Number of protein chains: 2
Amino acid sequence: MARPKEFDVDHALREAMNVFWSNGYKATSLGDLTRAMRISKSSMYETFGSKHDLFLATIEHYIRTQTTQISGAAHIDAPAVKVIRALFHRAVQRMAEPNSRRGCYLNNCAVEVSVRDGEAGERVEKGLDMMEEAFVELVARGQREGDIATHHDPRPMARFLVSSLNGILVMGKAHADTDKLNDVVDITMNALA
Amino acid sequence: MARPKEFDVDHALREAMNVFWSNGYKATSLGDLTRAMRISKSSMYETFGSKHDLFLATIEHYIRTQTTQISGAAHIDAPAVKVIRALFHRAVQRMAEPNSRRGCYLNNCAVEVSVRDGEAGERVEKGLDMMEEAFVELVARGQREGDIATHHDPRPMARFLVSSLNGILVMGKAHADTDKLNDVVDITMNALA
DNA sequence: AGCATTCTGAACCATTCCGTCCAGAATATA
DNA sequence: TATATTCTGGACGGAATGGTTCAGAATGCT
């Protein structure tokens, strides 16, 4: 009865996220966005409301697609420590690829806007909590299976891991030296034993 | 013979740094800057050149004044672990005070501009290296005096500490919950033993 | 007093920004 | 074919941006 939407909303959201992810919120103009989304300005406003609304939507999109990947890793059938180490190593590796040197989207948002932009802050916090939860599961399993020490409860341990991962990604933004970052990974893993 | 400068350049630099520190580079306008510096736009341009030049100068100012404070802490006459723990605790405490919830300036700059702005990136990297150096000294001393384990060389250990500290500050931007952050501090300190 | 310097405020410029709106083309269903 | 919806591109507005320039007041030194 009516003309259907021609572009994939989720795909457009993904592209918008990538631009914000690489350039930050303030440094991204509407032109940058619509160019990447391959959409006219009018369509963008009709579909998402405003630049800021779009921004919030990209954070939720990130949580929906990326953060849940980490949760998924928690159920891989391998020793928990191995899974955690693999997650960290992949993060380090990403920072070495020039096109992927943009860290964690939640991390970037937390630093750039979280304090001043409450709406974004809420979402960032929720995303980090989900990461924490995924690591809680992993640590608990590792402790049950005996390859993670039981000096600490799973939750503080998980917080330590989330924090450490974010620290590594920040360092990577300045250094991009894989060896130096792996130094940090090694000691972090050592802290689990 | 001539009219002397009326304002203190270092003080103006400090105020400019504070604005950038709280709001980021892009989100800070010339008006924000000159208002905080209590200087006219003309004076600002005459003295610092441009917004970007001023920005670079604030990073150097930060290194000159703040980073060297950490280096100074390395020579405090107390067990190295105690000094390190105190540094971390003070950082956590800062994140709890609403007006001080802005993390580490180098950290913020690394995340917001380091990748795209080479000139800023260089300076950020230098600053982080200086932090690393300060921690190397501390760890080495701790190992000599026996309160830090010798499983790892001082340098990787120092990198771990710098990374961990930055991770904590990022988490603080999203959470601001002192207890959660102290969980991370505890485990980090545990990794030294 | 005279001179060199510094400061301010305002005017000004070109650019970019976000946001709104509309005419017209495209497209699926009935 | 008629209708309803969607898309695009461009025009437009108003505001804010970074940056430049200048006249004139202020100030300290000789």
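Letters A, B, ... mirror the listed sequences (proteins, then strands); counts begin at 1. Not measured: the values here are computed from a predicted model.
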Take nucleotides 9-17 of chain C nucleotide by nucleotide from the 5' end and write B, S or -, depending on whether a protein heavy atom sits under 4.0 Å from the base, only from the sugar-phosphate, or from neither. BB------S

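- The pair B:Arg141-B:Asp147 does not meet the salt-bridge criterion, since no charged nitrogen lies less than 4.0 angstrom from a carboxylate oxygen.
- With sequence neighbours excluded, the residues that form a salt bridge (charged side-chain N to carboxylate O under 4.0 Å, His left out) with A:Arg159 are A:Glu132, B:Asp183.
- Not counting sequence neighbours, B:Glu122 has no partner by the salt bridge (charged side-chain N to carboxylate O under 4.0 Å, His left out) test.
- Remark: A:Arg35 pairs with A:Asp32 by the salt bridge (charged side-chain N to carboxylate O under 4.0 Å, His left out) rule, at least two apart or across chains.
- Only at 4.0 angstrom or more do the heavy atoms of residues 109-120 of chain B sit from any atom of DNA chain D, so none qualifies.
- In this structure, A:Asp153 has no salt bridge (charged side-chain N to carboxylate O under 4.0 Å, His left out) partners at least two apart in sequence or on a different chain.
- For the segment residues 13-20 of chain A, no residue has any heavy atom less than 4.0 angstrom from an atom of DNA chain C.
- B:Ile70 is linked by a side-chain contact (heavy atoms from CB on, under 4.5 Å) to B:Leu87, B:Met131, B:Ala134, counting only residues two or more places apart in sequence or in another chain.
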Only distances under 3.5 Å count here; give the side-chain donor-acceptor pairs of residues 160-169 of chain B to other protein atoms, sequence neighbours excluded, each with its distance to 0.1 Å.
| from | atom 1 | to | atom 2 | distance (Å) |
| --- | --- | --- | --- | --- |
| B:Ser163 | OG | A:Ile168 | N | 3.3 |
| B:Ser164 | OG | B:Thr188 | OG1 | 3.0 |
| B:Asn166 | OD1 | B:Asn107 | ND2 | 3.1 |
| B:Asn166 | ND2 | B:Val162 | O | 3.2 |

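- In terms of modelled atom types and a separation under 3.5 Å, the side chain of B:Glu119 and the main chain of B:Asp53 share no donor-acceptor contact.
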Let's test your reading of the pairing rules: Watson-Crick or G-U wobble, both distances under 3.5 Å, then write DNA chain C as a dot-bracket string with ( ), [ ], | and dots. ||||||||||||||||||||||||||||||

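- Qualifying side-chain hydrogen bond (donor to acceptor under 3.5 Å, both in side chains) partners for B:Thr68, counting only residues two or more places apart in sequence or in other chains: none.
- Every pair tested for salt bridge (Lys or Arg N to Asp or Glu O under 4.0 Å) that includes a residue from residues 102-113 of chain B fails, sequence neighbours excluded, so the list is empty.
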